[in-house]
Amino acid sequence: MKASLWMLAILFCTILQLSTAIIVKDKDVTTSLQGGILTSFQTFGYQKGGNLSFVPAVKYADRKLALAVCTRSQWTTLISLKDQFSSLCNPHLNETVLEYDGVNYTYVDYFATRNVCELTSVSLLSPLLQDYEVLQKEQYTLALINCDAHRTIQKVSLSYTMRQPDGNHLSLGTQENEIIYKWLGFFWLVIILLLLMEMLFLVQLVRRTLAPDEITTPSNLEAAALAAGYKGMGLHLLLVIVLFLKFWDVNVVYHRWDQLASVGEVSLYLDLLGSLLFATSECAFFCLLLLVAKGWRITRYQLHTDESRETSYAFIIPLCTLLFFSVYNDGYYFLSMMLLYFFLLPKIFHSIHLNLNGLQTRLIIVEDWLYHAEDMDSDEENEARAALMLAIKLMFDCKYSVFHVLKKAILTYLVAIFVCNCVKVLIPWEYDWINTIFSESVDACMILVMAYLIQPLYTRMGLFFLSEGTFLLR
């Protein structure tokens, strides 16, 4: 029962978290309209005097299509009338002629008996839509009305531009995202440089402290701990790769927002690159989390062949599905992200639990030995052995605290995702950028906690020290 609840919580949090990773273009729309149906296809936060400009949909000149442009309160009222199309789709008696690209098109304009919106029923060919200026600072909804109750239109493709009075194409409440991701890129760059400096410091410390032969055959426990950290830097290199992927992902998101602000759409190149980096960084992060949870370089030198194969599959399969569905089908893109969380998080918790149990057992054994050592004769040999066991206890304590904190951090991460998305309901639409800050902060905190737990300087505390038969946990 507990496992089922965990699965549901993980899936729910995953769906909520994904909303911050996708940027929707405000340039084009493709939708299907059943007869007599009112369908919304775009919401946009405007400053007063913002501009809405449609390219005349001349290919639908013979279709009974109308457009509604409504504020939030007006949209609520319009929805209540969606079954009363006689009040929304009243055709004018005379046809109207539009000249576009040297060709004359004849169409029928509509008017509403109850004019509940700024524009309630306007033909897609109306000159009014080619350069419309909104009347107030509000979040507007655009909707299509199929005034032919007996005809379904399988595909409607429209092209339009939405701009603020200063020419910015971003909706009010998202304009700050550009500067947020710009500074977020600088933040990740600083973290990468700090980690590289710490790794370099460890390398210099080992070379100054240990002779070349002591790296392979250390003479004492302190030298063994330093040598183990030096030889186990593969874990830190993987962390650097994850941070670099996150850095480039954030930078691509920044350029996507920049393009949206300037021209209202994102280039295909940036879309593909953004999908690639987002998918790769997510999969790499969770695979690194899985390796740490399994205790690689912390409680074991290497993984079993089956575990190595499992980790490889955990990276390759979700990555391939994420990339495939992000390009060909956005709906299944969410499903592939759910599979990533669904299969990896239970394995991560299970591995952490095994390591905590193993370390706790060894701590009990060592503490019991130290307790009975107080009754031993205080000769030089016993004192040296007691000092060694005390050092071993401190190493086990360090390893245990890493897994204990990591488990709590992951649980907090899931709760924080849920809280962030609940807070969205409370934040006004014009401050939507605050949701971006919350969401990115949650991701950053989780990555930073993991980076802190396996930082190279913990080498001195014996985090990466292993001894065959004594420290290797199965």
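Treat the numbers as computed from the prediction; the structure is a model and nothing was measured.
For the pair S171 (side chain) and G45 (backbone), a donor-acceptor distance under 3.5 Å is present. Put simply, the side chain of S439 never gets that close to the backbone of N435: no donor and acceptor are under 3.5 Å apart. A distance-only check finds no donor-acceptor pair linking the side chain of D258 to the backbone of Y254 [under 3.5 Å]. Proximity of a side-chain donor or acceptor of S401 to a complementary backbone N or O of C398 within less than 3.5 Å is detected. Judged by distance alone, the side chain of K399 and the main-chain N or O of I298 form a donor-acceptor pair under 3.5 Å. Checking side-chain atoms of Q259 against main-chain N and O of S267 turns up a donor-acceptor pair under 3.5 Å.
N51 is linked by a side-chain hydrogen bond (donor to acceptor under 3.5 Å, both in side chains) to D131, R163, counting only residues two or more places apart in sequence or in another chain. With sequence neighbours excluded, no residue satisfies ring-ring contact (aromatic ring centres under 6.0 Å, His included) with F285. For the side-chain hydrogen bond (donor to acceptor under 3.5 Å, both in side chains) test, residues two or more places apart in sequence or in another chain that qualify with Y140 are E118. Judged as a side-chain hydrogen bond (donor to acceptor under 3.5 Å, both in side chains), and not counting sequence neighbours, D249 has no contacts. With sequence neighbours excluded, the residues satisfying side-chain hydrogen bond (donor to acceptor under 3.5 Å, both in side chains) with R72 are E138.
For the atom pair I434 CD1 and S441 OG, the distance stands at 11.5 Å (nearest 0.5 Å). One distance of note links OG of S159 with CD of E265; it measures 8.0 Å at 0.5 Å rounding. Distance check: Q360 CD to F403 CZ gives 13.5 Å after rounding to the nearest 0.5 Å. Rounded to the nearest 0.5 angstrom, M461 CE and M395 CE are separated by 10.5 Å. The CD atom of E310 sits 10.0 Å away from the SG atom of C287 when rounded to the nearest 0.5 Å. For the atom pair I364 CD1 and L359 CG, the distance stands at 11.0 Å (nearest 0.5 Å).
Shown here for N355 and G295, the closest heavy-atom pair between the two residues is ND2-N, 3.8 Å. The shortest non-hydrogen separation linking Y301 to W296 is O-NE1, 3.4 Å. Minimum interatomic distance between E178 and A261 (heavy atoms only, all atoms of both residues): OE1-CB, 3.8 Å. Scanning all heavy atoms of the two residues, the minimum distance from I454 to L463 falls at CA-CD2, 4.2 Å. Among all heavy-atom pairs drawn from I179 and E176, the shortest one is CG2-O, 3.0 Å. Across all their heavy atoms, Y46 and G50 have their closest contact at CD2-CA, 3.6 Å.
Atom CH2 of W429 has more than 12 heavy atoms from other residues, nucleotides or ligands within 6.0 Å. Sparse packing is recorded around CZ of F244, with 12 or fewer heavy atoms of other residues, nucleotides or ligands lying under 6.0 Å away. Environment of CE in M389: crowded, with over 12 heavy atoms of neighbouring residues, nucleotides or ligands closer than 6.0 Å.
With contacts defined as side-chain heavy-atom distances shorter than 4.5 Å, the pair I348/K407 does not qualify. A heavy-atom distance below 4.5 Å is found between the side chains of L239 and M450. Side-chain contact between F315 and T280 is present, with heavy atoms from C-beta onward closer than 4.5 Å. At least one side-chain heavy atom of Y413 sits under 4.5 Å from a side-chain heavy atom of V442. Between L235 and L288, some side-chain heavy-atom pair lies under the 4.5 Å cut-off. Looking at T174 and L260, their side chains never come closer than 4.5 Å, going by heavy atoms from C-beta outward. Between R256 and D271 the shortest side-chain heavy-atom distance falls below 4.5 Å. Using a 4.5 Å heavy-atom cutoff, the side chains of Q164 and L170 are not in contact.
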* Asked: Between L226 and R460, does a side chain to side chain contact (heavy atoms under 4.5 Å, CB included) hold up when you go through it step by step?
  -> CA-CA 6 Å; L226 287 175; R460 286 181 162 182; 4.3 Å; yes
Check your understanding: After noting the C-alpha distance and the side-chain angles of L237 and I241, does the key distance pass the side chain to side chain contact (heavy atoms under 4.5 Å, CB included) rule?
Key -> CA-CA 6 Å; L237 290 175; I241 293 173; 5.5 Å; no
Test Y181 against E440 for side chain to side chain contact (heavy atoms under 4.5 Å, CB included), laying out the working first.
CA-CA 9 Å; Y181 281 100; E440 292 296 338; 2.9 Å; yes
| said: Test side chain to side chain contact (heavy atoms under 4.5 Å, CB included) on L144 and L158; report intermediate values, then the result. | reply: CA-CA 10 Å; L144 281 173; L158 306 174; 3.9 Å; yes
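Applying side-chain contact (heavy atoms from CB on, under 4.5 Å) to N177 and the options L184, V253, T436 leaves one that passes, T436.
Looking only at atom types and distance, the side chain of N357 has a donor-acceptor partner in the side chain of H353 under 3.5 Å away.
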Tell me which donor-acceptor pairs under 3.5 Å the side chains of residues 185-206 have, and how far apart each pair is, sequence neighbours excluded?
| from | atom 1 | to | atom 2 | distance (Å) |
| --- | --- | --- | --- | --- |
| E198 | OE2 | L457 | N | 3.1 |

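F41 and F54 have perpendicular rings, their planes meeting at more than 60° on a 0 to 90° scale where under 30° would count as parallel.
Electrostatic pairing of K137 and E430 does not count as a salt bridge here, judged by no charged N lying under 4.0 Å from a carboxylate O.
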